[in-house]
Amino acid sequence: MKQVMFVELGMEADLHGQDVTKAAVRAVRNAIERNSMPGIRTLVNGDTSKMRVHVRLAVPADAESLDQEAVRAVFPYGEVTIEVMPGGMLAPSGIFLADKNDRSEMIYIVNAAVEVGL
């Protein structure tokens, strides 16, 4: 990315089921869902495929099972790259719910930093 124009941060969790993809998708949505960037179309001369999006995800566990295509699908425009690193948090929920597909009592919390630019 030549020029970063915006950086948005998000955090979310999967309370039951220990699904790192679900937590990551929620974190990315949390980072971008209350933003509007109408000027970006002017900066890319109307061609939103020229927009660059770099997503950094801090995941606490099961990084190998993260579905990056599901995360990429959150973004309607641009060339999306994803970087996964250790981080986030595991926290006990205090309850195991088999009907929610729990594998343990842990809550998976993922942090996201989303850069948008050219």
(request) Working to the nearest 0.5 Å, report the span between CD1 of I40 and CG of N35. (result) 12.0 Å
(request) Output the distance between atom CG (L43) and atom NZ (K50), rounded to the nearest 0.5 Å. (result) 11.5 Å
(message) Rounded at 0.5 Å granularity, tell me how far CE in M85 sits from CG in L57.
(response) 8.0 Å
(message) Let me confirm one number: the NZ-CD distance from K22 to E12, rounded to the nearest 0.5 Å.
(response) 11.5 Å
(message) Looking at D19 and R103, is there a salt bridge between them, counting it only when a charged N and a carboxylate O are closer than 4.0 Å?
(response) no
(request) Mind checking the CE-CE spacing from M89 to M106? Nearest 0.5 Å is all I need. (result) 9.5 Å
(request) Pick out which of V20, L66, V55, V71 makes a side chain to side chain contact (heavy atoms under 4.5 Å, CB included) with V84. (result) L66
(request) Determine the minimum heavy-atom distance between L9 and A113, stating which atoms define it. (result) CD2-CB, 3.7 Å
(request) Find out whether M5 and V116 are in side-chain contact, i.e. whether some heavy atom of one side chain is under 4.5 Å from a heavy atom of the other. (result) no
(request) Would you indicate whether the side-chain heavy atoms of M11 and V110 approach each other to under 4.5 Å? (result) no
(request) For residues I107 and H16, determine if any side-chain heavy atom of one lies less than 4.5 Å from a side-chain heavy atom of the other. (result) no
(message) Walk me through whether R34 and E8 qualify under salt bridge (Lys or Arg N to Asp or Glu O under 4.0 Å).
(response) CA-CA 10 Å; R34 290 174 301 280; E8 296 296 334; over 6 Å; no
(message) Please tell me whether M51 and V4 are part of a single hydrophobic cluster in this structure, the criterion being side-chain heavy atoms less than 4.5 Å apart.
(response) no
(request) Side-chain contact test, heavy atoms from C-beta onward, threshold under 4.5 Å: evaluate it for Y108 versus L15 and give yes or no. (result) no
(request) Of all the heavy-atom pairs spanning A70 and V25, show the shortest one and how long it is. (result) O-CG2, 3.9 Å
(message) Using modelled atom types and a 3.5 Å cut-off, is there a donor and acceptor pairing between side-chain atoms of D47 and backbone atoms of S49?
(response) yes
(request) Say whether Q18 and D102, considering side chains only, have a donor N or O and an acceptor N or O under 3.5 Å apart. (result) yes
(request) Please tell me if the side chains of V114 and V7 come closer than 4.5 Å, counting only heavy atoms from C-beta onward. (result) no
(request) Keeping the roles fixed (side chain from R52, backbone from L118), state whether a donor-acceptor pair exists under 3.5 Å. (result) no
(message) With a 4.5 Å cut-off on side-chain heavy atoms, are V53 and T81 touching?
(response) no
(request) Write down the atom of P60, the atom of I109, and the distance for their closest heavy-atom approach. (result) CD-O, 3.4 Å
(request) State, yes or no, whether a side-chain contact exists between E115 and F6 at a heavy-atom distance under 4.5 Å. (result) no
(request) Mind listing the closest non-hydrogen atom pair of A23 and A13 along with its distance? (result) CB-C, 3.9 Å
(message) Taking CZ in R29 as the centre, count heavy atoms belonging to other residues, nucleotides or ligands within less than 6.0 Å. Is the count above 12?
(response) no
(message) Could you check whether R41 makes a cation-pi contact with Y77, meaning its NZ or CZ is under 6.0 Å from the centre of the six-membered ring and within 45° of the ring axis?
(response) yes
(request) Supply the atom-to-atom distance T21 OG1 to D62 CG, rounded to the nearest 0.5 angstrom. (result) 9.0 Å
(message) Is the shortest side-chain heavy-atom distance between M1 and Q3 below 4.5 Å?
(response) no
